[in-house]
Amino acid sequence: QVQLVESGGGLVQAGGSLRLSCAASGRIFSSYVMGWFRQAPGKEREFVSAISWSGGSTYYADSVEGRFIISRDNAKNTVYLQMNGLKPEDTAVYYCAAGRTLAAVTRQDLYPYWGQGTQVTVSS
């Protein structure tokens, strides 16, 4: 079992930045692929970013490529999402998730563990 707790969400103006954190407890953190997903009001939850076990490989949705940076600190059992150049369309609840495979990082069903989410609101 892995427990995930996100933090760092909030209200920010367009063009601003936020850094989300996801703290993990339970089984060995470094054995999990970590992902970030988001769900905007009235929309389905979608993939944002993912990072491999060691942090050597990162993946991004086209919509955030070049603006968001995912990283992890296995010594602190934490994964981060640095969000720069925020846009109103980035407004959503952001979830971190833990999975076992890089085979299809965008597939939500491959992440068995999820956090409760943190709200990010970007005003125009």
Side-chain angles (χ1 to χ4, degrees):
Q1 285 285 350
V2 176
Q3 294 79 43
L4 304 172
V5 179
E6 303 96 335
S7 61
L11 173 64
V12 64
Q13 289 189 334
S17 298
L18 282 175
R19 188 175 82 155
L20 305 183
S21 299
C22 174
S25 60
R27 302 294 287 176
I28 300 172
F29 177 71
S30 60
S31 67
Y32 289 91
V33 171
M34 298 300 297
W36 285 97
F37 293 78
R38 68 186 181 186
Q39 186 168 21
K43 295 187 177 181
E44 294 186 354
R45 190 163 58 186
E46 64 177 4
F47 170 77
V48 175
S49 183
I51 189 167
S52 62
W53 307 271
S54 66
S57 296
T58 57
Y59 308 84
Y60 298 94
D62 289 344
S63 58
V64 307
E65 180 82 54
R67 298 188 297 123
F68 291 10
I69 301 171
I70 190 171
S71 61
R72 67 190 296 163
D73 185 337
N74 287 341
K76 295 183 178 179
N77 285 5
T78 301
V79 62
Y80 305 97
L81 186 68
Q82 177 67 43
M83 305 187 296
N84 303 318
L86 284 161
K87 305 175 181 180
E89 51 264 42
D90 294 319
T91 294
V93 177
Y94 283 71
Y95 300 89
C96 73
R100 288 288 197 178
T101 178
L102 289 175
V105 294
T106 63
R107 281 180 52 182
Q108 299 181 42
D109 61 313
L110 296 183
Y111 294 83
Y113 305 108
W114 291 80
Q116 82 290 347
T118 186
Q119 177 71 47
V120 171
T121 303
V122 184
S123 63
S124 57

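- Listed here is the closest heavy atom pair of Tyr111 and Trp114: O-NE1, 2.7 Å.
- Note: Leu102 CG to Ile51 CD1 = 10.0 Å, rounded to the nearest 0.5 Å.
- How far NZ of Lys43 is from OG1 of Thr91: 10.0 Å, rounded to the nearest 0.5 Å.
- Inspection of the Ser31 and Arg100 side chains reveals an N or O donor paired with an N or O acceptor under 3.5 Å.
- Proximity of Arg67 to Tyr60: side-chain heavy atoms (C-beta onward) are nowhere separated by under 4.5 Å.
- Under the 4.5 Å side-chain heavy-atom criterion for grouping Ile, Leu, Val, Met, Phe, Trp and Tyr, Val64 is connected to Leu86 within one hydrophobic cluster.
- Cation-pi contact between Arg72 and Tyr80: absent, since separation from the ring centre below 6.0 Å together with deviation from the ring axis within 45° is not met.
- Residues Val48 and Val122 share a hydrophobic cluster, clusters being chains of Ile/Leu/Val/Met/Phe/Trp/Tyr side chains in contact below 4.5 Å.
- Val2 and Val79 fall within the same hydrophobic cluster, where Ile, Leu, Val, Met, Phe, Trp and Tyr residues are linked whenever their side-chain heavy atoms come under 4.5 Å apart, directly or through other members.
- A pairwise comparison of heavy atoms in Asp90 and Gly85 identifies OD2-O, 4.4 Å as the closest pair.
- Taking a 6.0 Å sphere around CG of Leu11, one finds it holds more than 12 heavy atoms contributed by other residues, nucleotides or ligands.
- One finds the OH atom of Tyr95 at 5.5 Å from the CD atom of Gln39 (value rounded to the nearest 0.5 Å).
- A continuous path of ILVMFWY side-chain contacts below 4.5 Å connects Tyr113 to Met34, so both sit in one hydrophobic cluster.
- Rounding to the nearest 0.5 angstrom, the gap separating the CD atom in Glu6 from the SG atom in Cys22 is 5.0 Å.
- Looking at every heavy atom in both residues, Leu18 comes nearest to Val120 through CD1-CG1, 3.9 Å.
- For the pair Asn84 and Ser17, the tightest heavy-atom approach, listed with the atom from each and the gap, is OD1-OG, 3.0 Å.
- In this structure, CG in Asp73 is found 11.5 Å from OG in Ser30, a value given to the nearest 0.5 Å.
- Rounding to the nearest 0.5 angstrom, the gap separating the CZ atom in Arg19 from the CE atom in Met83 is 11.5 Å.
- Grouping the Ile, Leu, Val, Met, Phe, Trp and Tyr side chains by contacts below 4.5 angstrom, directly or via other members, places Leu81 apart from Phe37.
- Aromatic rings from Trp36 and Phe68 are positioned such that their centres are separated by 6.0 Å or more.
- The shortest side-chain heavy-atom distance between Arg38 and Leu20 does not fall under the 4.5 Å cut-off.
- A pairwise comparison of heavy atoms in Pro112 and Leu110 identifies CD-O, 3.4 Å as the closest pair.
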